[in-house]
Amino acid sequence: MAMTEPTSRRRRISKGALRTLAWIGGAVGFLFPWAALSLSPKPAATAGIQVLPGNQPREIVVRHVIRRIVVEEPGPASGAGVAYVTSGGSATAPVAAPPPPVTTGGSTPPP
Amino acid sequence: MDAVLEIADGRRVRRHTFGAMGTRVRVIAPEATPRARDGFADAVAMVERTFARLEGRFTRFRSDSELMAVNAAAGRPTRVSAEFMTLLELSMDAARRTGGLFDPTVLPALLAAGYARDYADVAREPRAPRPTPRAAGRWSDLQVDAESVLLPEGVALDFGGIAKGWTADIAAEQAAHLLPWMIVDAGGDLRLVGEPPVGGLDVGVEDPFDPSREILRLKLASGALATSSVTRRSWGPGLHHLIDPRTWRPAATGILQATVWAESCTEAEVRSKWALLAGHGALDEIHALLVTDEGRLATNLAALDGAEVGA
């Protein structure tokens, strides 16, 4: 009579099952990033721009109506040949005036 | 392209539009007086010639320009024209005064960001930016003597907006004697010469989110206005033409647009770029109008009598 208990034999997975599991694992690994990207929240589709502070994209809040004008103390260089008025389309009540013949807003593309 | 427009108080002005230096150039002058009618055509011709000549010298989009020849000769001294030297010295002086925030040597960073072709092509077919390169040298590494310049190897010049502003100044001053008053507008950098109507001329400041909208109207009585904006010449998120020399990347300072007054368009151009890079503190030093990325508009310009402030 044997002095020890016979060792229980571990059940082996068949080659076919192992192959199937490998395929499933590979497919999940391949598809997971796509699924994560497609399920993650996206920025609203607006006409806004994004500006990069350093390396990180940051969404700029787009406010098409610029209403608040903050007027600060005039700088030290006095005597500027320009002053401001408000007009239609800006902060306050529209003024019945023709559009200005010239505007400024950054580098305008050619006609 | 010519147009006659009615402006405030029923006055009429004539406006001529043409393209140069990759932007829209306009000449605006009064329509009413016989002197103005006679002088307008001559003034327009003079302005167009000046822009054509200086574009040929300073553009980076033509292989035969003087700028491209100087950049191609980096590493050895290059003799330059008097006009080139004048603009180079103005740029170097601006760089000194702004502590390097105005820097005419950021071209490699601009190319890496994607602005390597004419802007119309970039806007139509933007390409992915390349990694930001390391600066081979800065404005302070240039060696300039009376007639020549030596760029260190790997350094390239691009005058950009200051070339437009300077050209507007020269063109306006040359033609000033032909008209009672005149504005030369180089894509929003504009110079007024002569005696405008009492109270000044209306200039609209465009909304950085929608250029067809006006966010404020100014009265310009003398001098020049220039605007720098990160929403113009922008070809993707965070990609635009204003490079911050501190990072060598497109600027992101919280200021979207800076409109600045100065006596000359050259100086207004330098200050507007500086204000956009310096941020809100710019209002402590210069007359400006800033639009922040939150849509707030801050200014230290004086208000005309009757102007309403705030919402």
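So that the names make sense, note that chain A is the first sequence line, chain B the second, and so on, each numbered from 1.
Pairing each heavy atom of D202(B) with each of V102(A), the nearest pair is O-CG1, 3.7 Å. Closest approach of P101(A) to V13(B), counting heavy atoms only: CB-CG2, 4.0 Å. Pairing each heavy atom of G105(A) with each of E206(B), the nearest pair is CA-OE1, 3.6 Å.
Among the candidates S228(B), P211(B), S229(B), G22(B), the residue making the largest number of heavy-atom pairs closer than 4.5 Å to chain A is G22(B). Among T17(B), I183(B), T227(B), L190(B), the residue making the largest number of heavy-atom pairs under 4.5 Å with chain A is T227(B). Looking only at heavy-atom pairs under 4.5 Å with chain A, the residue among G188(B), G19(B), G200(B), G223(B) that has the most is G188(B).
For a residue to count as touching a neighbouring chain, one of its non-hydrogen atoms must lie under 4.5 Å from one of that chain's; by this rule A3(B) does not touch chain A. Heavy-atom distances place the side chain of Q257(B), and not its backbone, under 4.5 Å from chain A. Looking at I7(B), the atoms closer than 4.5 Å to chain A (heavy atoms on both sides) sit in the backbone and in the side chain alike.
Of the inter-residue distances, the one linking T104(A) atom OG1 with L216(B) atom CG reads 12.0 Å to the nearest 0.5 angstrom.
Applying the salt bridge (charged side-chain N to carboxylate O under 4.0 Å, His left out) test to residues at least two apart or on different chains, none of the pairs has a partner in residues 100-111 of chain A.
Other residues, nucleotides and ligands place more than 12 heavy atoms under 6.0 Å from the CZ atom of R97(B).
Under a 3.5 Å cut-off, the side chain of T103(A) and the backbone N or O of G204(B) do not form any donor-acceptor pair.
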